[in-house]
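Let me begin by presenting the structure, written as structure tokens, before commenting on it.
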Number of protein chains: 2
Amino acid sequence: MGQQKLRNMEEFAAVSGISRPTLSKYFNDPDSVRRSTRQRIEAALTKYDYRPNVYAVNQNRRRTRNIGVVVPNLADPFFSEIGREVELACIAAGYSPILLSSHGKPSQERANLDSLRALKPAGVLLAAFGKASDRDAIERFNEDVPVVAFDANIEGACEAFVGTDNFQSVDLIVEYLCRSGAPPCFFEMKTPSNPNANKRRQAYLEAMERHGHAPHIHQVPGEGWDFEEVGMTEGGRLISSGAFETNTVLCSNDRLAIGMLSAAYGLGVKVGHGADCTMRIAGQDDHPFSRYTCPPLTTIAQDYAAIANQAASTLFRILDTETRLAEREETLFEGKLVMRASA
Amino acid sequence: MGQQKLRNMEEFAAVSGISRPTLSKYFNDPDSVRRSTRQRIEAALTKYDYRPNVYAVNQNRRRTRNIGVVVPNLADPFFSEIGREVELACIAAGYSPILLSSHGKPSQERANLDSLRALKPAGVLLAAFGKASDRDAIERFNEDVPVVAFDANIEGACEAFVGTDNFQSVDLIVEYLCRSGAPPCFFEMKTPSNPNANKRRQAYLEAMERHGHAPHIHQVPGEGWDFEEVGMTEGGRLISSGAFETNTVLCSNDRLAIGMLSAAYGLGVKVGHGADCTMRIAGQDDHPFSRYTCPPLTTIAQDYAAIANQAASTLFRILDTETRLAEREETLFEGKLVMRASA
DNA sequence: TTAAATAATTAACGCGCGTAAATTTTAAGT
DNA sequence: ACTTAAAATTTACGCGCGTTAATTATTTAA
């Protein structure tokens with residue numbers, strides 16, 4: 001058993017009988033030393049419990065092994081899940097993820113990039129706000145530290161983007177809704193900052209045209225991040241005023257749908273595809289709570305894990321080669337239809 | 001405008017005309033230098049945009065100004081909200097919070113404390129698992145770094161605990177339920193790792209006795225963190241089998257209640273206090289999603305902000321005085337009844 | 001104005017580790 | 001056994017900043 005705490009690598013070198021430069025090599029990359037030495041070091045490690053000083057290490061390395069992960073709002077389970085997936089991918093690759101939430105405020109997104117700059121991360125995985133983001137700040141940041149965007153595309157900015165194919169997934173659910181009942185109206189917030197929202201509206205228009213139906217888009221006021229609240233109040237208003245042209249509503253995202261379902265319930269409107277139901281509501285994202293709504297929400301599932309892993313591995317590729325991508329890459333994953341009771 | 005990037009404090013000293021030790025003092029505590037020098041420094045700062053190297057700073061300081069914040073699961077909006085409050089309190093006090101989630105796994109809690117050790121934080125704010133936590137590890141950690149527990153009490157461990165008064169809040173909702181209808185049955189998981197769950201059960205028993213009713217506790221199997229799932233499957237089973245002795249159920253927490261509400265809906269059981277309702281369901285915590293359930297969930301709200309601020313300020317007090325508390329402190333905040341439609 | 005108190009400067013060391021160059025040891029191949 | 005390539009060791013410097021002691025400058029009080 002190792003006793004007194006070892007204060008530095010020097011002392012660990014003394015007790016382990018291995019020179020400090022060799023130890024330094026080992027901690028930077030265990031495979032860079034001969035197997036026999038590696039074993040001796042690891043044996044000593046179990047015996048003496050020494051760990052290099054993080055701050056001293058990072059001061060001297062040209063690049064740290066930190067990776068910044070920035071998401072718009074950790075209070076949204078969608079982002080906490082995808083953030084988690086990204087974290088896991090970083091850890092698996094031997095990096096230390098630093099997860100930062102922008103708490104729904106674009107100004108915080110800038111602040112987060114600023115904080116990250118001080119931490120000299122090797123790279124950054126960024127789920128940005130979109131229009132509300134400070135595009136210049138992101139581009140400037142990307143000049144110093146490679147940034148891979150995920151979930152929200154910042155056209156042209158960042159080294160790469162990984163997200164969901166909104167056109168494919170909207171088409172998928174529109175087709176399902178048309179086939180199984182009335183063609184859907186589209187429900188969204190008037191000024192969506194998220195770029196996916198705009199893609200989805202566009203995709204809805206195209207899909208409806210393709211299927212030969214007239215599109216009906218309902219945009220409601222509402223700022224900020226309280227989607228459920230907007231879905232409930234504004235969605236409820238639309239329902240009770242009979243504003244929807246058909247009995248089917250496709251919401252721009254699940255959180256709006258969750259609020260709208262709550263409103264429908266309060267209004268005594270039965271939602272679902274059963275004979276006794278008067279309207280259908282569908283969402284997009286497969287939010288973690290969507291399976292527990294009343295009724296459970298039919299939606300399009302994004303492939304969280306695939307997006308997270310692809311974004312991470314793209315960044316690792318940049319870091320490993322130490323060269324920026326020859327050209328910007330975009331990877332889109334397909335959404336999957338999740339049929340539940342609401343539509 | 002300052003041009004070429006300043007590489008270190010030396011260079012900033014040169015261009016700003018202020019000696020490096022004075023700059024060092026300033027960055028450690030702006031108030032430690034004369035007002036006139038402070039103004040000169042700040043003028044130079046706006047001009048030259050220099051920031052001390054985080055790693056070099058932290059290597060040399062005996063204590064960093066980092067504060068570790070550990071919560072059991074960021075995917076749970078309850079913890080992401082209270083974690084956010086704690087973060088804000090740290091920032092306001094000039095510390096840098098480092099938020100870590102244990103992702104529902106007690107082993108990760110240990111791992112998080114381990115990671116934190118490497119970051120040499122000034123203090124730690126810990127929302128632990130409870131029984132599943134590694135009590136020894138926490139106590140050992142607390143020897144090196146002051147830890148203040150919040151949300152979940154680890155009896156005797158840590159410098160202080162800040163949480164909700166479960167006895168007061170359970171009594172409050174039990175009284176409300178009894179007064180407004182049938183006395184409640186109690187619904188929980190069989191092996192709750194969270195210490196609040198045990199307190200709540202105990203509080204339920206006492207409250208029922210105080211109000212002269214026979215208690216009915218229903219414990220269901222289920223592991224892990226998927227409370228909604230357990231609430232839905234097991235809660236649904238109990239409802240459909242008519243296992244509840246009264247028409248009113250008090251759930252150990254909101255997430256169980258959310259699942260149970262979903263199950264009730266699926267079973268066609270109308271929940272609420274209306275004339276056409278057959279059962280009432282209540283929860284505890286005022287989960288962010290509870291206002292959007294069908295029907296909206298009657299529950300007990302914890303005072304997130306008060307708990308977070310009290311926990312943080314207790315820690316700051318320890319850090320400022322550089323002395324551990326003479327004796328362990330416990331602060332409990334009262335819960336508030338949130339009456340919605342479900343009970 | 002002067003003495004005393006306060007603040008800033010200069011000079012220098014140390015923190016723990018990365019890293020490079022020169023040297024010695026070890027392992028592999030003949 | 002001997003040659004060679006590979007790996008480890010020794011020695012030494014530098015990173016950017018905290019910090020201290022001795023000195024000088026500035027402010028405040030008298």
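Quantities reported herein were computed from a predicted structural model and do not represent experimental measurements.
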E159(B) with R328(B): basic N within carboxylate O range, under 4.0 Å | no
Contact residues, residues 31-44 of chain A to DNA chain D [heavy atom, < 4.0 Å] | V33(A), R34(A), T37(A)
Ring centroid separation for Y50(A) and F27(A), is it under 6.0 angstrom?
-> yes
Take the protein atom CD of Q59(A) and the nucleotide atom C1' of dC17(C), then report the distance between them rounded to whole Å.
-> 8 Å
Salt-bridge present (E42(B), K47(B); N to O < 4.0 Å) | no
E109(A) with K105(A): basic N within carboxylate O range, under 4.0 Å = no
Between dC17(C) (P) and N58(A) (CG): distance, integer Å = 12 Å
Does the side chain of D49(A) come within less than 4.5 Å of L6(A)'s, by heavy atoms?
-> no
Would you mind checking if R317(A) and E322(A) are paired as a salt bridge, meaning a charged N to carboxylate O distance below 4.0 Å?
-> no
Would E143(A) and R324(A) satisfy salt bridge (charged side-chain N to carboxylate O under 4.0 Å, His left out), going step by step from the backbone distance to the final call?
-> CA-CA 10 Å; E143(A) 285 171 16; R324(A) 299 307 182 96; over 6 Å; no
Distance test, side-chain N/O of N8(A) to OP1/OP2 of dG16(C), below 4.0 Å = yes
Rounded to the nearest angstrom, tell me the gap between atom CE in M9(B) and atom P in dC15(C).
-> 19 Å
Interface polar pairs with nucleotides 19-21 of chain D, N/O, under 3.5 angstrom:
none

Please give, in whole Å, the distance from dG14(C) P to E10(A) CD?
-> 14 Å
Check whether any side-chain nitrogen or oxygen of S19(B) sits under 4.0 Å from OP1 or OP2 of dA8(C), and answer yes or no.
-> no
Using a cut-off of 4.0 Å on non-hydrogen atoms, how would the nucleic acid contact of F12(A) be classed: base, sugar-phosphate, or nothing?
-> nothing
Once you round it to whole Å, what is the distance between P of dA7(D) and CG of D29(A)?
-> 12 Å
Please report, rounded to the nearest Å, how far the P atom of dC17(C) is from the CG atom of N53(A).
-> 6 Å
For the pair made of CG in L23(A) and P in dT9(D), what is the distance, rounded to whole Å?
-> 8 Å
Looking at dC17(C), dA8(D), dC17(D), which one has an atom nearest to any side-chain atom of T22(A)?
-> dA8(D)
From CZ of R63(A) across to P of dT19(C) the rounded distance in Å is 12 Å
Decide yes or no for I91(A) and Y95(A): does some side-chain heavy atom of the first lie under 4.5 Å from some side-chain heavy atom of the second?
-> no
Could you check whether the rings of W225(B) and F79(B) sit parallel, tilted or perpendicular, using 30° and 60° as the cut-offs?
-> tilted
With rounding to the nearest 0.5 Å, note down the distance linking OH in Y26(B) to CD1 in I41(B).
-> 6.5 Å
Gap between atom CG of L116(B) and atom CG of D144(B) - 0.5 Å precision = 12.0 Å
Check: protein-nucleotides 22-24 of chain C nitrogen or oxygen pairs below 3.5 Å:
none

Under 4.0 Å between a side-chain N or O of Y55(B) and OP1 or OP2 of dG18(D)?
-> no
Between D114(B) and R51(A), does at least one N-O distance fall below 4.0 Å, as a salt bridge requires?
-> yes
Counting only side-chain N and O atoms of Y26(B), is one of them less than 4.0 Å from OP1 or OP2 of dG18(D)?
-> no
